[in-house]
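As a basis for the values below, the full set of heavy atoms in this structure was taken, side chains included, without hydrogen atoms, waters or symmetry mates. In this text the structure is predicted, and so the values were computed from the model without any measurement. Below, read A as the first sequence line, B as the second, and so on, with proteins coming before strands; counting in each chain starts at 1.
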There are 2 protein chains.
Amino acid sequence: MTVTETETTGASADSCAGPPQGDRRPDGEDRYTISEVVALTGLTAHTLRWYERIGLMPHIDRSHTGQRRYSNRDLDWLALVGKLRLTGMPVADMVRYAELVRSGDHTYTERFDLLQRTREDVLSRIAELQGTLAVLDRKISFYADAGRALASERTR
Amino acid sequence: MTVTETETTGASADSCAGPPQGDRRPDGEDRYTISEVVALTGLTAHTLRWYERIGLMPHIDRSHTGQRRYSNRDLDWLALVGKLRLTGMPVADMVRYAELVRSGDHTYTERFDLLQRTREDVLSRIAELQGTLAVLDRKISFYADAGRALASERTR
DNA sequence: CGCTTGCCTGGAGTGCACTCCAGCGTTCTA
DNA sequence: TAGAACGCTGGAGTGCACTCCAGGCAAGCG
């Protein structure tokens with residue numbers, strides 16, 4: 001038994017990286033040009049090619065003339081990458097994760113650990129941001145008070 | 001009437017950027033060397049000097065031989081900068097804020113707006129991170145399930 | 001057929017936020 | 001009082017994540 005396909009076919013973990021994010025074609029007709037992927041993801045064509053060069057993407061299918069044709073599965077992967085990027089995860093770490101996925105089943109625990117660590121990072125970053133929010137709120141209310149004081153000053 | 005001093009003396013908005021963060025000396029004896037500030041803030045001496053060069057710090061007091069001597073107020077400012085940095089605010093924007101503080105009372109509304117915008121940014125970044133967390137949790141439970149499946153496979 | 005548009009490649013360039021260096025003066029400790 | 005440790009400056013270098021460039025192929029259109 002293997003469960004690798006469920007990871008790489010987009011039928012499971014990788015496919016749940018967000019809402020359908022519209023304008024996809026059904027599987028089977030999913031051969032997007034690079035500019036379509038630009039429109040769907042918000043990344044630039046440069047960045048998409050660069051992701052491929054550094055090993056952050058699997059090898060992308062090509063047309064008979066050598067142009068890239070992205071699949072729905074590639075879009076799923078890009079959606080996950082986008083999410084991981086939001087966490088501040090370095091690109092090198094995402095490449096590492098991509099390598100693990102490529103290497104097959106025996107990397108499951110390693111992937112699990114990496115995700116778990118990332119999860120912890122996200123939690124602590126959220127906590128940091130909430131601390132910052134508290135500071136901002138204090139300063140904002142300070143300025144609001146100061147503004148009122150100056151306003152009442154002017155009307156006196 | 002002016003309220004600027006309350007902003008710049010550290011008696012108010014700037015001073016509430018966090019807990020006392022220990023080992024400070026009382027006001028009056030607050031002439032920290034750069035290495036003391038390194039220990040207190042976690043920044044490097046290089047970074048502290050660089051912050052000063054780019055206008056992110058007010059002019060720092062000097063000893064008779066030209067060495068920097070930081071005050072408690074400077075530490076307060078650095079604490080705020082640290083918090084703003086956590087939000088992902090670009091250094092250039094923090095420099096802008098520093099300039100506003102230096103320019104005096106008439107920049108109050110501008111500072112207020114800047115802080116408010118930053119607050120909104122922080123809120124949406126928190127939301128983003130929570131979305132990412134949801135994705136991570138789904139993937140993590142996928143791997144946990146897969147791990148269990150593989151384990152029961154081995155014992156069968 | 002020529003023209004525009006889209007895509008390809010390897011490699012160089014950019015912007016940000018530091019980070020380090022050389023060369024020198026000052027301060028502390030044994 | 002010698003040596004280590006600390007600090008100073010201007011300017012160069014680093015690492016990351018893109019971003020752009022030059023030069024060229026291929027497809028679609030009037």
Can I get a per-line list of side-chain donor-acceptor pairs under 3.5 Å for residues 53-63 of chain A, giving both atom names and the distance, sequence neighbours left out?
{"from": "A/D61", "atom 1": "OD2", "to": "A/R31", "atom 2": "NH1", "distance (Å)": "2.6"}
{"from": "A/R62", "atom 1": "NH1", "to": "A/G66", "atom 2": "O", "distance (Å)": "2.8"}
{"from": "A/R62", "atom 1": "NH2", "to": "A/E52", "atom 2": "OE2", "distance (Å)": "3.4"}
{"from": "A/S63", "atom 1": "OG", "to": "A/T65", "atom 2": "N", "distance (Å)": "3.3"}
{"from": "A/S63", "atom 1": "OG", "to": "A/T65", "atom 2": "OG1", "distance (Å)": "3.1"}
{"from": "A/S63", "atom 1": "OG", "to": "A/Q67", "atom 2": "N", "distance (Å)": "3.1"}

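The side chain of A/V91 sits closest to D/dA17 out of D/dA17, D/dC21, C/dT19.
Residues meeting the side chain to side chain donor-acceptor pair (under 3.5 Å) test with A/R69, sequence neighbours left out: none. With sequence neighbours left out, the salt bridge (Lys or Arg N to Asp or Glu O under 4.0 Å) criterion links A/D113 to no other residue. Applying the side chain to side chain contact (heavy atoms under 4.5 Å, CB included) criterion to B/D93, with sequence neighbours excluded, gives B/M89, B/P90. Qualifying side chain to side chain contact (heavy atoms under 4.5 Å, CB included) partners for A/A45, counting only residues two or more places apart in sequence or in other chains: A/I34, A/V38, A/R49. Partners of B/D145 according to the salt bridge (Lys or Arg N to Asp or Glu O under 4.0 Å) rule, which considers only residues two or more places apart in sequence or in another chain, are B/R148. Considering only residues two or more places apart in sequence or on other chains, A/E110 meets the salt bridge (Lys or Arg N to Asp or Glu O under 4.0 Å) condition with A/R96.
In this structure, the OH atom of B/Y70 is 14 Å from the C1' atom of D/dC6, given to the nearest Å. The CZ-C1' distance, from A/R85 to D/dC16, rounds to 13 Å in whole Å. Whole-Å rounding puts the B/D93 CG to C/dG15 C1' distance at 14 Å. Nucleotide C/dC18 holds its P atom 12 Å from the CG atom of B/L78, rounded to whole Å. Taking atom CH2 on B/W50 and atom C1' on C/dC21, their separation rounds to 18 Å, with Å as the unit. Protein atom CD1 of B/I54 is 10 Å distant from nucleotide atom C1' of C/dC16, rounded to whole Å.
Between the axis at the start and the axis at the end of the helix from C/dC1-D/dG30 to C/dA30-D/dT1 there is an angle of 0°, using five pairs per end and rounding to 10 degrees.
Ion pairing between A/R24 and A/D30 fails under the 4.0 Å rule for side-chain N and carboxylate O.
Listed pair B/Y51 / C/dA17 fails the phosphate criterion, with no side-chain N or O lying under 4.0 Å from OP1 or OP2.
Checking B/H46 against B/G88, the closest nucleotide of DNA chain C that is more toward the 5' end is the one next to B/G88. Two residues, A/H64 and A/L43, neighbour DNA chain D, and the one matched to the more 5' nucleotide by heavy-atom proximity is A/L43.
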_Strictly under 4.0 angstrom, non-hydrogen atoms only: write out the protein contact profile of nucleotides 7-14 of chain C, one letter per nucleotide from the 5' end, B, S or -._
SSBBB---
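For the atom pair B/F142 CZ and A/L115 CG, the distance stands at 10.5 Å (nearest 0.5 Å).
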